[in-house]
S.K.: 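Below you'll find the structure I mean.
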Amino acid sequence: MLHQGEHAVQRRAGLSTDGLGSAGVRATIPSVAAEFLSRQRLMVLAAADGTGAAWAGVLTGPPGFATAPDDRTVIADRLPGTGDPLADLFDTERPVGMLMIEPATRRRMRVNGRARRHGDQLLVRTEQVYSNCPKYLQTRAYIDDSPSARRTAFVTGELTTGQQQWIAAADTFFIGTYAAGLGADASHRGGNPGFVAVTGSRRLTWPDYVGNSMYMTLGNLELEPRCGLLFLDWENGHTLHLTGRARVDWDQERAAAVPGAQRLIDFDVERVIQIAGGLPQRWSFDKYSRFNPA
């Protein structure tokens with residue numbers, strides 16, 4: 001299906017749209033992708049709630065918690081937990097974006113489709129399945145599954161000072177986007193600490209670096225500015241979920257002031273959920289991607 005948002009962004013970026021974008025992605029899961037999926041411990045989900053607010057959340061488990069029983073189906077043997085903004089959303093079927101990421105190898109797999117709850121499992125019918133290059137992914141080593149004794153959620157309408165510091169020090173975050181009739185998508189953004197600029201309790205800005213030219217995230221934002229961000233506290237097992245609206249700034253003079261930036265994205269915070277114990281795993285930092293701009 002032609003994605004008008006992706007094509008609009010590609011044209012504005014000066015690229016030919018032939019063969020680029022989500023329209024060229026297949027719906028089936030190759031055997032090598034199914035094998036990769038079965039080894040993963042970490043899955044990022046993106047979806048919109050009943051109000052149209054977009055959120056990104058996370059599912060974790062031992063290798064094998066997510067499998068592909070056939071070439072159009074992904075099954076995860078768990079659901080978003082207490083406090084997660086995606087909890088209970090899949091009681092009815094809805095578009096979902098999924099990102100399976102292997103921090104130790106920088107490999108990742110993306111799946112977009114439709115998801116629904118099936119007992120204690122999440123059942124996804126795939127519509128787009130593809131891999132991405134490893135640019136801007138930092139390597140991390142898995143330590144162990146260490147669930148918090150208490151899983152608690154703290155909800156605010158703006159970022160606290162501590163949350164601003166968390167984001168300013170982050171080298172990675174995940175973004176969930178969607179467009180009506182075109183599905184949802186989950187993607188990753190990475191860079192050296194400080195690549196996300198915090199300019200207040202309700203405003204963030206980050207650079208858009210050279211990527212794969214598919215512009216699936218920016219294509220969705222072209223049609224629907226509502227999106228969700230997810231920051232992980234890899235060492236301590238907490239999660240920070242933001243929902244709000246993003247705008248792509250094509251001002252080249254402004255982008256030129258940020259190393260490596262082709263354009264900048266401004267994000268206005270509308271709601272924040274911080275979950276203590278939201279990531280029941282521990283990961284230790286290894287090294288930054290060699291592609292990260294200084």
Side-chain angles (χ1 to χ4, degrees), residues 22 25-31 33-103 107-131 142 145 147-148 151 153 174-178 182-188 216 220 227-230 232 237 239 241 243 273 275 277-281:
S22 59
V25 177
R26 295 185 178 182
T28 54
I29 306 169
S31 58
E35 194 275 331
F36 173 80
L37 173 68
S38 69
R39 300 198 309 268
Q40 302 317 301
R41 302 176 181 272
L42 182 69
M43 173 190 295
V44 174
L45 301 177
D49 65 19
T51 71
W55 295 95
V58 63
L59 292 181
T60 65
F65 89 96
T67 58
D70 61 56
D71 68 357
R72 288 292 307 277
T73 306
V74 172
I75 295 177
D77 68 3
R78 56 207 62 201
L79 297 163
T82 303
D84 191 302
L86 300 181
D88 302 324
L89 287 190
F90 301 106
D91 289 350
T92 57
E93 186 179 78
R94 69 182 61 234
V96 67
M98 305 168 63
L99 170 64
M100 280 62 70
I101 189 166
E102 191 170 68
R107 295 178 63 195
R108 52 181 165 158
M109 168 185 174
R110 286 163 73 175
V111 173
N112 298 334
R114 298 191 64 84
R116 61 179 174 84
R117 177 177 180 167
H118 182 69
D120 294 329
Q121 298 178 319
L122 185 68
L123 179 66
V124 181
R125 182 68 171 171
T126 65
E127 295 175 347
Q128 298 169 340
V129 180
Y130 57 107
S131 61
Y142 170 75
D145 293 318
S148 173
R151 181 184 172 106
F174 303 94
I175 179 168
T177 60
Y178 75 98
L182 295 168
D185 182 74
S187 188
H188 141 278
M216 296 177 77
N220 281 344
C227 60
L229 310 184
L230 170 66
L232 300 180
T239 58
H241 311 254
T243 191
I273 301 177
I275 304 177
L279 177 68
Q281 293 179 340

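Along the sequence shown, the residues carry numbers beginning at 1.
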S.K.: Could you list the residues that satisfy side chain to side chain donor-acceptor pair (under 3.5 Å) with Thr239, not counting sequence neighbours?
M.R.: His241
S.K.: Considering non-hydrogen atoms only, spot the tightest contact between Gly228 and Ala56 and give its length.
M.R.: O-CB, 4.1 Å
S.K.: Work out which heavy atom in Met43 is nearest to a heavy atom in Ala66; give both atom names and the distance.
M.R.: CE-CB, 3.6 Å
S.K.: Taking atom CD1 of Ile273 and atom CG of Asp84, what is their separation to the nearest 0.5 Å?
M.R.: 8.0 Å
S.K.: Name each donor-acceptor pair under 3.5 Å that joins a side chain in residues 44-54 to protein atoms two or more places apart or in another chain, with its distance.
M.R.:
unit_1 : atom_1 : unit_2 : atom_2 : d
Asp49  : OD1    : Thr51  : N      : 2.9
Asp49  : OD1    : Thr51  : OG1    : 2.7
Asp49  : OD1    : Gly52  : N      : 3.2
Asp49  : OD1    : Ala53  : N      : 3.1
Asp49  : OD2    : Trp55  : NE1    : 3.2
Thr51  : OG1    : Ala53  : N      : 3.4

S.K.: Hey, could you give me the OG1/CD distance between Thr60 and Gln281, rounded to the nearest 0.5 Å?
M.R.: 4.5 Å
S.K.: For residues Pro69 and Ile75, determine if any side-chain heavy atom of one lies less than 4.5 Å from a side-chain heavy atom of the other.
M.R.: yes
S.K.: Taking distance alone, no hydrogens or angles, what donor-acceptor pairs closer than 3.5 Å link side-chain atoms of residues 113-123 to residues at least two apart or in another chain?
M.R.:
unit_1 : atom_1 : unit_2 : atom_2 : d
Arg114 : NE     : Glu93  : OE1    : 3.0
Arg117 : NE     : Gly119 : O      : 2.7

S.K.: Taking the side chain as C-beta and beyond, is there a heavy-atom pair between Val129 and Thr28 under 4.5 Å?
M.R.: no
S.K.: For the side chain of Arg108 and the backbone of Leu99, is there at least one donor-acceptor N/O pair under 3.5 Å apart?
M.R.: no
S.K.: Mind checking salt bridge (charged side-chain N to carboxylate O under 4.0 Å, His left out) for Glu102 and listing every partner two or more places apart, or none if nothing turns up?
M.R.: Arg39
S.K.: List the steps, then state whether side-chain contact (heavy atoms from CB on, under 4.5 Å) holds for Met100 with Val111.
M.R.: CA-CA 8 Å; Met100 280 62 70; Val111 173; 3.7 Å; yes
S.K.: Is there a side-chain contact between Tyr130 and Met216, using heavy atoms and a 4.5 Å cut-off?
M.R.: yes
S.K.: With a cut-off of 6.0 Å (strictly less than), are more than 12 heavy atoms of other residues, nucleotides or ligands near CZ of Arg125?
M.R.: yes
S.K.: Main chain of Ala27, side chain of Thr126: is a donor-acceptor contact present, judged purely on distance under 3.5 Å?
M.R.: yes
S.K.: What residues form a salt bridge (charged side-chain N to carboxylate O under 4.0 Å, His left out) with Arg94, not counting sequence neighbours?
M.R.: none
S.K.: The criterion is side-chain contact (heavy atoms from CB on, under 4.5 Å); which residues satisfy it with Pro63, sequence neighbours excluded?
M.R.: Arg41
S.K.: Which pair of heavy atoms, one from Phe90 and one from Val96, lies closest together, and at what distance?
M.R.: CZ-CG2, 4.0 Å
S.K.: Just verifying a value: how many Å separate Gln40 CD and Met109 CE, rounded to the nearest 0.5 Å?
M.R.: 9.0 Å
S.K.: Let me confirm one number: the CG-CZ distance from Leu37 to Phe65, rounded to the nearest 0.5 Å.
M.R.: 8.0 Å
S.K.: Ignoring hydrogens and geometry beyond distance, is a side-chain donor-acceptor pair present between Asn220 and Asp185 at under 3.5 Å?
M.R.: no
S.K.: Rounded at 0.5 Å granularity, tell me how far CG in Leu59 sits from CG in Leu86.
M.R.: 8.0 Å
S.K.: Is there any salt bridge (Lys or Arg N to Asp or Glu O under 4.0 Å) pair reaching into residues 62-78, and which pairs are they, with sequence neighbours excluded?
M.R.: none
S.K.: Working note: Ile175 + Leu230, criterion side-chain contact (heavy atoms from CB on, under 4.5 Å); need CA distance, chi angles, decisive distance, verdict.
M.R.: CA-CA 6 Å; Ile175 179 168; Leu230 170 66; over 6 Å; no
